[in-house]
Amino acid sequence: MREEEKNFMPDLETDIRAIRGIGEQRAKSLARLGILTLGDLLHYFPARYEDRTAVRPIAEVLPEESACIRAMVATEPRLSHVRRGMDLVKLRIVDESGSADVTYFNQAYVKNQLIRGEEYVFYGKMGGSLLRKSLTNPVYEPADRAGVTTGRILPIYRLTRGISNRLLIQCMETGLDECGDMLPELLPEELLQRYRLCRVGYAYRNVHFPADHTALGLARRRLIFEELFTLSCALGLLRGRRERSAGQPIPLPETEEFYASLPFSPTGAQRRAVDEALGDMASGQLMSRLLQGDVGSGKTLVAAALVWTAWKAGFQSAFMAPTEILAAQHFATLSGFLSPFGIRVGLLKGSMTAKEKREIKAAAEAGYIHVLVGTHALLTADVAFQRLGLVITDEQHRFGVEQRSALTEKGDRPHVLVMSATPIPRTLALMIYGDLDVSVLDELPPGRQRVDTVLVSESYRERLNGFLRDQVREGRQVFVVCPKVEEGEDGDLKLKSAAEHAQALQKTFPDLRVGCVHGRMKAKEKDAAMAAFVSGETDILVSTTVVEVGVDVPNASVMVVENAERFGLSQLHQLRGRVGRGVHKSWCVLVSDTKEENARERLRVLVRTADGFAVAEEDLKLRGPGDFFGSRQHGLPEMHVADLFGSMDMVKEAQSAAAELLARDPELSGPELQPLRQHILRLYALKENTWN
Ligand code: ADP
Ligand code: MG
């Protein structure tokens, strides 16, 4: 620690630059890891550990194994310049069991540090052969002073440029010494006792610097419990607040009147979901319901039925979608369902002229528009309603909890429906959407085309191109999805990029119209390219995963995914849902040259099953939940230690502990619960009175 100020007492909020050796440059690098304060530092857990505790005889360590070896330097270290910029130090070490060659590359100083006849502890990966073993660049410590980089369980942190593992370890030691005792104990004493959990100080010390395997196990168990428990408490708190808050009762309508106006009859699942939601809305309590349904299951119809019900009772609705294209599509669909009743549907987009926006907003505020569809533009402060009774958000995992509440604040506690096309296995849904009631559309409308899925390799390219040409000749359109935007983006030349692949396809099909959409384009360009495809002006649309969410192009019959092994199963399933939405036979072609049996097996799951929930279960099993959700798609704080799937028992324990606590103290108002309550409010950016 720096001691510029006298009596300087660092705490968890103290800037990381207070640590000796951390200046502007390193602070910037640490910021990339999310470390700004000493508190952040202590929360930065190791990604893995290297067990350097066991010291083993040379003879027992097989090539490819990593191990600590206590050995004597047997030869004078020899320095040689192989060529410019390449120095080698070579020596030989022996213990009672055998000997090994040691080589250091470009570490000339080693020659003077390692002394013939002295004993050291080396740690490294054994190379060479059984007959002549060798170590390259092993770390070492004098045997009588070992225990810093050898002889212990070493934490290995995720690093960034300019920050070494050694530096992080040093910082962590300082951080723990200075404020390891200030970490607030979030778990009430009673829980520590009942679930036999170690205390917070012990947990942090041992998760970073485990005394031994038992200590590490105890530390991890406690931290996982804490993470799952706080999440459960937060969701339970929200749910409780909502259940205690009254909502506008909206009387149950005669739904047959609505259904009779449709060009088709609703599926059983749609009827069930509508009934569940209308039951909530009539109950006198607030509705907060998640509508989960695979792509194409007909969620929009359910939404329309609720909007219709609200309208009958004199309430306006707001409908928020994540992109302009989707907003425009929902606008068209809802208009189709609702205008026969005289319900006025409005659309608000960022790309409208100021005048258009003004007019739409005035119409919403005056109550002239009955349902306003839009993007994030709906969240802006000058959007107001006369009597907002229902808020619907589509693809909610792209919006955070705060955004949801920004919209609901525009009404007097309106009912809320969130729609998601990401099938989530039940076990996880409880953890992630624990604050919502759930309806599931588990039935596709009749006559839906099953999308045939095939897995092909690069050698199939010519036939694939022929197939695409045939489809376009028949009047169909084609989606092609690539894993990245531009060539060389991540140095991996084997990956197809959208921009380059579009050019290549245009060359292959000079007479066809090839469009391209990716995340680096401006919103306007993106929308224009999407619109050209929707209207049939382009035949083939090459894109990154921006088309993942519910764009409806009934004329598209083929979805090609390049480097398919790079995508999550659930993501691929979503992409596949982009086709087969019309009357045409449709295909999903997964192109992959991967030789990895695991990856191929994953892709074969898609070939085998069309059921989104089955795909999600498989995905979860094969990859674990971290990858499953991608980067924070669920809008919840990142999990640091808990692997929801791997810790299913703990999930249940934490859930019941949270439920029990909240049953006794629904607002966590007891004095011993204040650290927990503050932590939750901060973590979830909740206001004191957020109810949803
Ligand atoms: P998603 O759940 O993916 O949002 P949509 O609401 O976009 O699905 O519906 C997909 C398509 O299915 C739309 O064209 C819609 O009109 C149609 N559809 C919805 N419900 C039915 C039904 N019961 N019978 C036939 N077609 C339906
Ligand atoms: Mg949809």
Side-chain angles (χ1 to χ4, degrees), residues 255-256 258-277 289-308 317 319-340 345 347 371 373 375 392-399 417-424 438-451 477 479 530 534 545 547-557 559 570-584 586 588 610-613 615-616:
T255 42
E256 290 311 323
F258 176 72
Y259 294 147
S261 75
L262 298 173
F264 41 70
S265 46
T267 63
Q270 284 171 321
R271 282 173 183 271
R272 232 176 3 257
V274 169
D275 288 347
E276 284 165 356
R289 184 168 285 276
L290 170 72
L291 176 62
Q292 250 193 348
D294 217 339
V295 279
S297 57
K299 293 184 288 295
T300 323
L301 174 65
V302 176
L306 307 196
V307 171
W308 173 79
S317 304
F319 192 124
M320 184 160 73
T323 66
E324 295 228 336
I325 290 278
L326 280 173
Q329 257 177 23
H330 282 310
F331 171 72
T333 316
L334 287 177
S335 301
F337 288 139
L338 298 171
S339 40
V345 188
L347 176 62
V371 50
V373 184
T375 56
I392 300 172
T393 56
D394 189 13
E395 311 289 350
Q396 103 92 26
H397 57 289
R398 282 159 200 262
F399 298 113
L417 181 77
V418 295
M419 309 200 298
S420 168
T422 313
I424 298 171
V438 181
S439 294
V440 180
L441 294 184
D442 50 6
E443 182 185 348
L444 289 185
R448 199 43 62 76
Q449 295 287 337
R450 192 199 138 105
V451 181
Q477 287 166 281
F479 283 110
M530 275 312 300
V534 172
T545 51
V547 291
E548 194 185 332
V549 277
V551 195
D552 208 3
V553 186
N555 191 46
S557 64
M559 165 62 70
S570 296
Q571 205 178 11
L572 289 171
H573 178 70
Q574 295 271 308
L575 289 170
R576 170 165 71 177
R578 297 299 112 228
V579 295
R581 296 169 79 89
V583 294
H584 312 291
S586 299
C588 174
D611 173 3
F613 279 92
V615 170

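Only this structure's heavy atoms are used, side chains among them; waters, hydrogens and symmetry mates stay out. Order of appearance sets the numbers: ligands from 1, and atoms from 1 within every ligand.
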Atom indices of ligand 1 within 4.0 angstrom of T300 heavy atoms, with elements: 4 (O), 5 (P), 6 (O), 7 (O)
Nearest-0.5 Å distance that lies between atom CZ in F337 and atom CZ in F258: 6.5 Å
Set of residues satisfying side chain to side chain donor-acceptor pair (under 3.5 Å) with respect to T267, sequence neighbours excluded: Q270
CG on N555 to NE2 on H584, rounded to 0.5 Å: 4.5 Å
Trace of the side chain to side chain contact (heavy atoms under 4.5 Å, CB included) decision for W308 with V371: CA-CA 9 Å; W308 173 79; V371 50; over 6 Å; no
G298 N/O under 3.5 Å from ligand 1 N/O: yes
Element-labelled atoms of ligand 1 that are located less than 4.0 Å from some non-hydrogen atom of P266: 23 (N)
Contacting atoms of ligand 1, where contact means under 4.0 angstrom from a heavy atom of R581: 3 (O), 7 (O)
Proximity of S297 to ligand 1 by residue part, where a heavy atom lies under 4.0 Å: both
Main-chain N/O of A269 paired to E443 side chain as donor or acceptor, under 3.5 Å: yes
Contact partition for M419 relative to ligand 1, non-hydrogen atoms under 4.0 Å: neither
Proximal atoms of ligand 1 relative to P445 (non-hydrogen, under 4.0 Å): 20 (N), 21 (C), 22 (C), 24 (N), 25 (C), 26 (N), 27 (C)
Set of residues satisfying side chain to side chain contact (heavy atoms under 4.5 Å, CB included) with respect to A327, sequence neighbours excluded: A321, L347, V373, T375
Contact check, S265 vs ligand 1, heavy-atom distance below 4.0 Å: yes
NZ/NE/NH1/NH2 to OD/OE distance under 4.0 Å, D442 and R272: yes
Residue T267 vicinity, atoms of ligand 1 by number, heavy atom under 4.0 Å: 23 (N)
